[in-house]
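What follows is one structure encoded as structure tokens, with my remarks underneath.
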Amino acid sequence: MSAHVPTSVDPVFLTELLKAGGENLKKCYQCATCSTVCTLTPDHRPFPRKEMLWASWGQRERLLGDPDIWLCHQCGDCSVYCPRGADPAETLAAIREVSIRHYAVPSFLGRLVAEPRFLPLALAIPVVFILAVLALAGTLTLPKSEIVRLADFFPHAWLNGSFSLVFLATCGFALLGASRFWRDLQRNWPVPGTPRGLFESLLPVVNEIITHDRFSKCTAHDHRYLAHLGVFWGFICLLLATVVAILVILLGGDYPMPLYHPGKLLGNVGMVLLLSGGYVLLKERLSTAGKTSRSTYQDLLFLSILLTVTVTGGLVQVTRMANSQSAYYLYFIHLVAVFYLLMYLPYSKFAHVLYRTLALFHARRTGRL
Amino acid sequence: MDKKTILVVGAGISGITTAIEAAEVGHEVVLVERLPYLGGRVAQLGRYFPKLCPPYCGLEINFRRIKNNPRVQVHTSTELVSIRGDRGAYTVELLQKPQYVNDRCTACGACVEVCPVTRDDDFNYGLTTTKAIYLPHEMAYPYRYAIDTSVCMKLECKKCVDACAYRAIDFSRQDQRFEVKVHSVVLATGWTPYDATKIENLRYGSYRNVITNVQMERLLAANGPHQGLILRPSDAKAPESIAFVQCAGSRDDNHLPYCSTVCCLASMKHALEYRERNPQGKAFIFYIDLRAMGRNEDVLSRVKADENIVLIKGKVARIDEEPCGSLVVEAEDILSGLKRKEKVGMVVLATGMTPNLPALDKVVVDEFGFFNAEAVEEGIFAAGCDKAPLDVSSALKDATGMALKAIQG
Ligand SMILES: Cc1cc2nc3c(=O)[nH]c(=O)nc-3n(C[C@H](O)[C@H](O)[C@H](O)COP(=O)(O)OP(=O)(O)OC[C@H]3O[C@@H](n4cnc5c(N)ncnc54)[C@H](O)[C@@H]3O)c2cc1C
Ligand code: SF4
Ligand code: SF4
């Protein structure tokens, strides 16, 4: 199958990119310094020079089905050396952001998380949802018991039940978006000859995700990869800890789990990893206001929510053990933030786990990586 | 005719032209040059586009015109210190560095034999060394030895004084400050090559076989380091191929934001000369845009006609060195969309030109440091590369025009 080369031009797309952080992309004069200094690009049709050209032409279709925008980790090597200050790293980030919005199903949720003016509404949805579930469960008032027990506030069955439902719905929407992206990938970048086998393609992807080996080749912001690795593994630990907790509850085990319980230990290790990595990332995002790796509203919001989940989670644990009533309030904030992460997964920056993974898989399958 | 005195600062091809044009119509000219010899950067060129002839013929004609014209007063090793007053009545202060070697010098070279100190030869852009007492170059005008005061041990050593049979060396000479009254001033202080060590990813200064275009000019010159043979620095062997890296630090916000206008042609000239002298050699020119204006397009046509000069659209952004001293240059070949890694024997960086204007109140510069013609002070003008990076023929036209400006009013 020969590659479909989309030639359509969409001026609105260009405006969207300029707003999403690509405001300097028009300065590009196609020297290709960026494609050469990039340590992550393949040699065959390297990025990001071609993306810069397509972006300034407003070639939406071509860019959205371009796996390369996801092979980039915004190390910023290209932006440091770009002779024109065109910020290719930031432009690719903007394309990714617009891309996530493009594939969002339903599309209004994409807009909801993308625009700062909708933030109150975006936060109100989880708040109202949780309050409604509490009302249904009949626990809308704070428990009066002497000992702080979170289950008295939000009964486990209601918590697990309602959150699982939302998660299922999210997964459904995510799959729809992902399949549309996959279709575009295959249309724009068909497999030349026979594709690599499924496992042969999948293994290196898994390896790359768990070791961040490609990310580690960045030179301009070399500690970013370590920080991201921390966040990634912290998140995985916390996810596993949650699964363990749910199992313990379902099997009628000792809950809350004692501190030395492996599930608990895993959770606390995860918390430390995520907090330290997240702190470094956030600090960097806030401090590199100047030269490279400018951050957008989306970058900052996503990191803040992730950190809120972690910090409130830790505080709930401490206040609960100290038997302080504030545990209930913190727990409430914690749940709102967790809900936010879950519900907006396919629309926020979190969606990169989906699209990047697919693009990496595609790149391995087609032999691009 | 009302006879006026004009100060011309800088005796490169532009300053010499302004000086001669003004003097030949009857005005007095004070021409000051901070180096011990005249000619500026053109004296250092190896070949001269568009005709690819040796550049010295043009300079020599001009030196003769200066020599034969009593109205041009030349001060070498002299710098401009200050300008006071207004158009029609400027008082300028000049500072001449001690002239340790005087007119009695016959350039016999006895001093060089005994001088114990060596220095980098800036005429050859550091490709060779000289003694602290040296002849600037074989065609130097004035033709006499000079002393590099920054390294010379003077009276502590004075071996040269004893060796000189003509008693041409005198360490008792001091700095000389003097003032002249002039009608107008023409600055023709020219340019300096951009410091290539600042372009870290191109490795000038750390890889020996990465040289700059001005060094390449010296390699081409018959009075250059190897009498015109193009040999690379690490092992003095002829490189089997050369990569030219265009816009090295030019058109780059991190370095020089402007186009230096001549470096494309300079590299084309270098490639043609290299190919002529090394028929087996191969040249690669990596460019963003190849700029050859006006009749210089002929040079581009000659380059295109040679199948062993490969033009690649895409800027070199990475260079690696192999143990043998050869280099691998890397760029994206934009027209094919593929990465290109080319192993070559030597790399020439096409570095740009930075202005040399003196920092004086009355000299107003633009954002890039060139003379700002809009904010010009009545009576102070700039010629040639003080205004913008120019090739010689454009600089000459400009310099002639400035002679007219300077004698008006
Ligand atoms: C690699 C390269 C190759 C080139 N090849 C060609 C070519 O083939 N053909 C062509 O047409 N052009 C060529 N050019 C351009 C050419 O070199 C310039 O056009 C030319 O040198 C301009 O002469 P100028 O007199 O304006 O400046 P300069 O040659 O720089 O002369 C300025 C003079 O002023 C003196 N000076 C500086 N400051 C002071 C001061 N404060 N007081 C007193 N004196 C001072 C300097 O010592 C110098 O002698 C080339 C340029 C480069 C970079
Ligand atoms: S983004 Fe910058 S480095 Fe890349 S091609 Fe454009 S101008 Fe050159
Ligand atoms: S003349 Fe050519 S090499 Fe020099 S700055 Fe201009 S475009 Fe670049």
Side-chain angles (χ1 to χ4, degrees), chain A residues 3 5 24-54 56-57 59 62 66-68 71-72 75-89 188-189 192 217-220 290-292 367-369, chain B residues 194 196 198-203 243-260 263-264 284-291 311-320 327-343 347 349-352 367-368:
Chain A
V5 180
N24 288 323
L25 76 90
K26 281 289 204 177
K27 294 183 187 160
C28 168
Y29 68 171
Q30 291 290 299
C31 68
T33 297
C34 48
S35 301
T36 304
V37 295
C38 176
T39 45
L40 304 186
T41 179
D43 285 353
H44 179 83
R45 302 187 65 193
F47 65 83
R49 197 264 318 155
K50 65 182 188 313
E51 282 72 17
M52 293 301 284
L53 185 65
W54 299 345
S56 61
W57 284 344
Q59 291 202 297
R62 203 169 193 180
D66 175 13
D68 287 7
L71 302 189
C72 155
C75 350
D77 291 341
C78 54
S79 293
V80 169
Y81 283 99
C82 171
R84 300 282 292 193
D87 292 344
N188 288 12
W189 289 73
K217 290 189 199 137
C218 290
T219 52
K291 180 80 186 134
T292 58
R368 179 142 182 73
L369 274 185
Chain B
Y194 184 67
K198 290 191 185 153
I199 322 162
E200 312 136 47
N201 57 328
L202 299 182
R203 301 309 190 101
F244 294 90
V245 178
Q246 296 313 108
C247 296
S250 294
R251 304 168 73 199
D252 187 333
D253 288 352
N254 306 312
H255 303 282
L256 301 178
Y258 51 85
C259 166
S260 285
C263 17
C264 278
F284 302 88
I285 302 181
F286 290 87
Y287 66 95
I288 307 175
D289 307 285
L290 271 181
R291 297 187 163 169
L311 302 174
I312 300 148
K313 184 171 169 65
K315 185 166 169 168
V316 170
R318 192 199 311 275
I319 301 182
D320 289 310
L327 303 148
V328 179
V329 295
E330 194 177 328
E332 181 193 352
D333 176 353
I334 294 177
L335 300 182
S336 71
L338 302 178
K339 266 278 180 69
R340 184 143 184 170
K341 292 178 190 162
E342 208 64 62
K343 185 176 159 184
V347 169
L349 305 181
T351 46
E367 54 184 319
F368 306 130

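Worth knowing before you read on, the calculation uses all heavy atoms, side chains too, and leaves out hydrogens, waters and symmetry mates. Just so it is clear: chains get the letters A, B, ... in the order the sequence lines come, proteins before strands, and each one is counted from 1.
Salt bridge A/Lys27/B/Asp253: absent, no basic N to carboxylate O contact under 4.0 Å.
No donor-acceptor pair closer than 3.5 Å links the side chain of A/Tyr81 to the backbone N or O of B/Asn254. When atom types are taken as modelled, the side chain of A/Thr33 and the backbone of B/Ala317 share no donor-acceptor pair closer than 3.5 angstrom. Side chain of B/Arg318 to main chain of A/Thr36: a donor-acceptor pair is present (N/O by atom type, distance under 3.5 Å, no hydrogens or angles).
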A/Thr41/B/Lys339 under side chain to side chain contact (heavy atoms under 4.5 Å, CB included): CA gap, chis, key distance, verdict: CA-CA 10 Å; A/Thr41 179; B/Lys339 266 278 180 69; 3.8 Å; yes

Between A/Asp43 and B/Lys341, is a side chain to side chain contact (heavy atoms under 4.5 Å, CB included) present by the stated rule, with each step listed? CA-CA 10 Å; A/Asp43 285 353; B/Lys341 292 178 190 162; 3.1 Å; yes

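Take B/Arg340 and apply the side chain to side chain contact (heavy atoms under 4.5 Å, CB included) test, not counting sequence neighbours, and it matches B/Phe284, B/Val310, B/Ile312, B/Asp333, B/Glu342. Partners of B/Cys259 by disulfide bond (SG atoms under 2.5 Å apart), not counting sequence neighbours: none found.
Between the NZ atom of B/Lys315 and the CZ atom of A/Arg49 there is a distance of 15.0 Å, given to the nearest 0.5 Å. The CG atom of B/Leu338 sits 9.0 Å away from the CZ atom of A/Arg45 when rounded to the nearest 0.5 Å.
Ranked by heavy-atom pairs under 4.5 Å with chain B, the list A/Pro42, A/Cys34, A/Pro46 is led by A/Pro46.
Of the atoms belonging to A/Cys78, not a single heavy atom falls under 4.5 Å from chain B.
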